[in-house]
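Order of listing sets the numbers, starting from 1, for every ligand and every atom in it.
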Amino acid sequence: MSGGHLTGHVVVVGSANVDLVVDVPRHPRGGETILGGDLRRTAGGKGANQAVAAARAGGAATSFVGALGRDDAADLLLGSLESAGVRTDVVRRVEAPTGTALITVSPDGENAIVVAPGANARVAVGGEQAERVRAADVVLAQLEVPLEVVTAAARARRAGAVLVLNAAPSRDLPAELWRELDVLVVNEHEAADLASAAGSSGRPETPEALADALLARVPAVVVTLGPDGSLVARRGAAAVRVPGMRVDAVDTTGAGDTYCGVLAAALARGADLVDAARLATAAAALAVTRPGAQDAVPTAADVAALAALAEKQPSADPLPPVLRKDR
Ligand code: RIB
């Protein structure tokens with residue numbers, strides 16, 4: 001567990017994958033074979049990435065509720081989670097291969113990902129996991145595990161605990177889950193999918209219009225906008241744009257997960273949603289400057305330094321040398 005004074009508890013319910021990553025000159029077309037760089041095998045999975053980000057953000061205890069096989073990929077993931085300070089004692093070990101993600105990364109840092117869920121299909125919120133969820137101030141989930149698991153976690157949380165859902169990868173949500181959500185975090189594509197599934201009339205074009213459509217179903221929506229930062233929208237308040245930061249992107253894998261984990265940790269420490277989004281934006285900007293998912297999650301000190309710089313010089317360009325590819 002992270003050192004220092006811990007003022008809240010984040011419980012992340014979700015997936016863990018071993019990421020098999022290849023740098024490619026461009027993503028292959030259907031039916032095409034291309035040559036890439038050397039294979040990298042690193043710790044990933046949206047749930048595990050978010051747990052590592054929450055733990056590394058500091059100030060809040062972090063537990064992970066997930067499922068792993070009995071293979072060396074599981075050892076890699078447990079090692080990464082535990083060295084970040086995540087509690088893994090309620091992770092299930094199951095007779096299925098640990099989840100695997102096949103990832104290609106192009107020179108501009110964009111990725112394409114296919115996930116073989118394996119053990120992630122067996123995540124469950126049983127006795128000890130439900131007890132851990134009940135201890136949470138913030139429950140953070142994504143959609144790489146069965147929807148029933150997310151709904152079970154939503155039911156298990158205590159009154160007053162905040163449920164944050166990162167609706168990635170995008171899928172329709174059952175009415176019960178919509179009713180339970182406190183904060184929805186989505187990128188623009190996921191926001192558009194959910195807004196149309198929720199019966200929004202017309203096609204909202206701007207992030208503000210998308211968030212507005214989603215506010216009919218959830219009290220707060222955060223739309224992540226990649227290099228343009230993020231938008232925080234809450235019922236009854238004006239939407240707030242948190243500006244992005246100019247960085248040289250090396251690998252965007254896991255940047256959204258870093259955002260969600262840091263946001264959840266800040267909320268568990270008692271931060272306001274907009275302040276939490278500022279820290280999360282700085283953390284995600286740092287994450288894209290480094291390769292890998294969990295390997296790229298920055299420390300709390302680096303995040304605080306960048307967030308402070310952004311506040312002082314909102315249009316800072318160039319950024320500090322640490323963020324440049326050619327350093
Ligand atoms: O969000 C990035 C993650 O998506 C990768 O780590 C991969 O495992 C997939 O889950």
Provide, to 0.1 Å, the distance between [atom] and the closest protein heavy atom, together with that atom's residue and name.
atom	result
atom 4 (O) of ligand 1	Lys46 NZ, 3.2 Å
atom 7 (C) of ligand 1	Asp19 OD1, 3.3 Å
atom 9 (C) of ligand 1	Glu144 OE2, 3.3 Å

Please tabulate, for side-chain N and O atoms in residues 140-149, each donor-acceptor pair with protein atoms closer than 3.5 Å (sequence neighbours left out).
residue: Gln142; atom: NE2; partner: Gln50; partner atom: OE1; Å: 3.2
residue: Glu144; atom: OE1; partner: Ser15; partner atom: OG; Å: 2.5
residue: Glu144; atom: OE1; partner: Lys46; partner atom: N; Å: 3.2

Subset of ligand 1 atoms that lie under 4.0 Å from at least one heavy atom of [X]:
X	answer
Ala101	7 (C), 8 (O)
Gly44	6 (O), 8 (O)
Ala293	6 (O)

Exercise answer: donor-acceptor pairs, residues 205-214 side-chain atoms, under 3.5 Å, sequence neighbours excluded:
residue: Thr206; atom: OG1; partner: Ala209; partner atom: N; Å: 3.0
residue: Glu208; atom: OE1; partner: Arg241; partner atom: NH2; Å: 3.2
residue: Glu208; atom: OE2; partner: Arg241; partner atom: NE; Å: 2.9
residue: Glu208; atom: OE2; partner: Arg241; partner atom: NH2; Å: 3.4

- Message: When you compare the side chain of Phe64 with that of Leu78, does any pair of heavy atoms fall below 4.5 Å?
- Response: no
- Item | Heavy-atom side-chain proximity of Ile113 to Leu102 below 4.5 angstrom | no
- Could you tell me whether Asp137 and Arg157 have a side-chain N and a carboxylate O separated by less than 4.0 Å? no
- Message: So for Gly256, does at least one of its heavy atoms come nearer than 4.0 angstrom to any atom of ligand 1?
- Response: no
- Message: Can a donor-acceptor pair be found, under 3.5 Å and without considering hydrogens, that links the side chain of Asp71 to the backbone of Thr98?
- Response: yes
- Qualifying residue for side chain to side chain contact (heavy atoms under 4.5 Å, CB included) with Val232, from Val183, Val274, Val223, Val185: Val274
- Of the listed options Thr258, Asn17, Asp257, closest to atom 1 (O) of ligand 1 (non-hydrogen atoms): Asp257
- Before signing off on this row, confirm whether Ser15 and ligand 1 have an N or O atom pair separated by under 3.5 Å. no
